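Step one of this worksheet: look at the structure below.
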Amino acid sequence: MSDKEPLFSAKNRKLLKNPLSSDNPITVQVLGICSALAVTAKLEPAVVMSLSVMAVTAFANVIISLLRNTIPSRIRIIVQLVVVAALVIVVDQVLKAFAYEVSKQLSVFVGLIITNCIIMGRLEAFALGNKPWPAFLDGIGNGAGYGVILIIVAFFRELLGSGAIYGFQVVPQSFYDMGYQNNGLIILPPMALITVGIIIWVQRSRDKSLIESN
Amino acid sequence: MNTQSNTYTFLYASIMVVLVAAVLSFAALQLKPRQTRNIEIEKKQDILKAVNIASTPKDAEELYNQFIVQSFIVNSNGDITSEDKDATFAVDLKIENKKKLEERKLPVFIFKKEGIGEKMIIPIRGRGMWGPIWGFISMEPDGKTIYGATFGNKGETPGLGAEISKPEFQKPFSGKQIFDETGKFTSLALVKGGGAVGHPHEFDAVSGGTVTSKGLEAMLRENLSSYEMYLKSSK
């Protein structure tokens, strides 16, 4: 850790905060979209997926940052892949042991965290050139930035698609008796894309600096 | 040290791979017992689902012990070869289905509950489009009428082949016959489109899931036929 820099200096806080807003991996960098579409039909898998990605980005960042001066540059991508793959397998095994039902719902998408561009992106762009603590914060920040979008999307999809929040029925039976119906369309992946699109729209209309000039 | 030299690169890669392998094997060994347990509980839930008993991972064990009153292994001649509960539960169809018919261990689970009566539950396993499919069929005591069915799949296409795991697909199996009037084994045939509703020996295929449906048909025929003698003797 750096000489006398406080653990949560302004610079370090930025590492946590930026990915949540102006540098969000999904809505601004548009990375990791595939899994964001696949696991957001319900809140529970979205939350578990977010935590898994957060754990993998944070620890992969720390490990690569610790090794950064020893890694032969010719095989650095492979080294990164091995670290990420190992962490993902551990996460997958832990989920199978402690959250079996959710791990079945997530199915292949836990394994596919390996290919999540956010993780490799952060390793290349940040962990290789920074100390472990900032790298850890950067990993947590980006994992959280990914997770926040997943959870927002899953919230709307579960509410409108199943009338529930985190598995609890919130739309009362009387609504259904009056003719209200769950929207089956929103359960399908294309609607997740549209939901992400709406989030991007809202975000850019509030923060004009994100709008690219042509 | 020169981190760019070939020797260093090779050493680095070798040591890293060995270390990672050690860590992963350790994690896998530590978590194995819990994972096996989860799979066992799931199997118990599936067995109960074949007789339309809903269970949660928490109460599956209790319900299973309460309602599955007997389990035993039969051979293709219909003779009981073992009445050990645990041995029956542990039979792996993946291995059994590769053996010759005469050597196969065929598990039977007997379910009994007030109001529902006695049913026998038979496990089945086969191939879908992308991977294994499996299930449990519960039969009336007459040995020819299906009482309920449940199917699972490892990786069938969601919305197409994977529909076989939905209750809407499984419900119509109730009441189907696997022997015809003359007592000949017919299994169930897959039929595209309507027609099948109410027909005793046919079931409606999943639209867009042709390979899965055919796999299901083959699975039913292969697995149920090995029980033919046993089912006939229970009539």
Side-chain angles (χ1 to χ4, degrees), chain A residues 37-39 41-42 45 55-56 59-60 63-64 66-112 114 128 167 184-185 187-192, chain B residues 1-46 54-58 60-61 130-131 134 152-162 165-166 168:
Chain A
L37 306 187
V39 300
K42 293 230 157 67
V56 174
F59 288 109
I63 294 171
I64 292 296
L66 284 169
L67 296 175
R68 70 186 186 282
N69 294 325
T70 69
I71 299 175
S73 63
R74 272 181 296 175
I75 58 164
R76 67 173 200 289
I77 299 281
I78 297 178
V79 172
Q80 290 166 15
L81 258 182
V82 170
V83 169
V84 174
L87 284 169
V88 168
I89 293 170
V90 169
V91 166
D92 189 30
Q93 296 285 322
V94 168
L95 287 182
K96 275 191 186 134
F98 294 97
Y100 189 66
E101 291 297 308
V102 183
S103 90
K104 269 197 301 180
Q105 286 178 42
L106 291 174
S107 64
V108 296
F109 292 101
V110 177
L112 287 178
I114 297 173
L128 275 176
L185 189 64
I187 296 287
L188 302 174
M191 287 307 288
Chain B
M1 194 166 25
N2 177 14
T3 58
Q4 302 305 323
S5 77
N6 283 346
T7 329
Y8 181 83
T9 306
F10 273 114
L11 267 178
Y12 195 92
S14 321
I15 293 172
M16 179 184 69
V17 168
V18 171
L19 276 180
V20 167
V23 169
L24 287 185
S25 348
F26 178 76
L29 281 178
Q30 290 299 307
L31 295 168
K32 190 92 200 160
R34 284 197 78 106
Q35 293 173 354
T36 322
R37 195 152 162 67
N38 286 333
I39 292 169
E40 273 173 29
I41 289 177
E42 191 190 16
K43 186 169 173 185
K44 287 182 177 168
Q45 280 185 283
D46 278 350
S55 60
T56 63
K58 283 198 186 77
E61 195 95 335
W130 304 114
W134 61 87
N153 71 88
K154 172 109 184 165
E156 299 309 296
T157 320
L160 302 174
S165 301
K166 295 260 175 78
E168 302 84 66

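Since this is a predicted model, take the numbers as computed values, not measurements. Convention: sequence-line order gives letters A, B, ...; per-chain numbering from 1. Both backbone and side-chain heavy atoms feed into the values below; hydrogens, waters and symmetry mates do not.
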Segment of [X] engaging chain A (4.5 angstrom heavy-atom cut-off):
{"X": "B:Ile39", "answer": "both"}
{"X": "B:Glu42", "answer": "side chain"}
{"X": "B:Thr36", "answer": "neither"}
{"X": "B:Pro57", "answer": "side chain"}
{"X": "B:Leu24", "answer": "side chain"}

| Mind checking which of residues 84-94 of chain A sit less than 4.5 Å from chain B, heavy atom to heavy atom? |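 The residues closer than 4.5 Å to chain B, in numerical order, are A:Ala86, A:Ile89, A:Val90, A:Gln93, A:Val94.
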| request: Decide if atom CZ of A:Arg74 counts as having more than 12 heavy atoms of other residues, nucleotides or ligands within a radius under 6.0 Å. | output: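 More than 12 within 6.0 Å, yes.
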| request: Step through the shown structure and confirm whether more than 12 heavy atoms of other residues, nucleotides or ligands are within 6.0 Å of NZ on B:Lys44. | output: yes
| Residue A:Ile71 versus chain B: region with a heavy atom under 4.5 Å |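 Answer is both: backbone and side chain atoms of A:Ile71 are under 4.5 Å from chain B.
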| request: Return the option, out of A:Val83, A:Ile75, A:Leu188, with the maximum number of heavy-atom pairs under 4.5 Å with chain B. | output: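 Going by pairs under 4.5 Å, I would pick A:Ile75.
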| message | Is any side-chain heavy atom of B:Tyr8 closer than 4.5 Å to one of A:Thr70? | response |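 They are in side-chain contact.
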| query | Does any non-hydrogen side-chain atom of B:Ile41 lie less than 4.5 Å from one of A:Tyr100? | reply | no
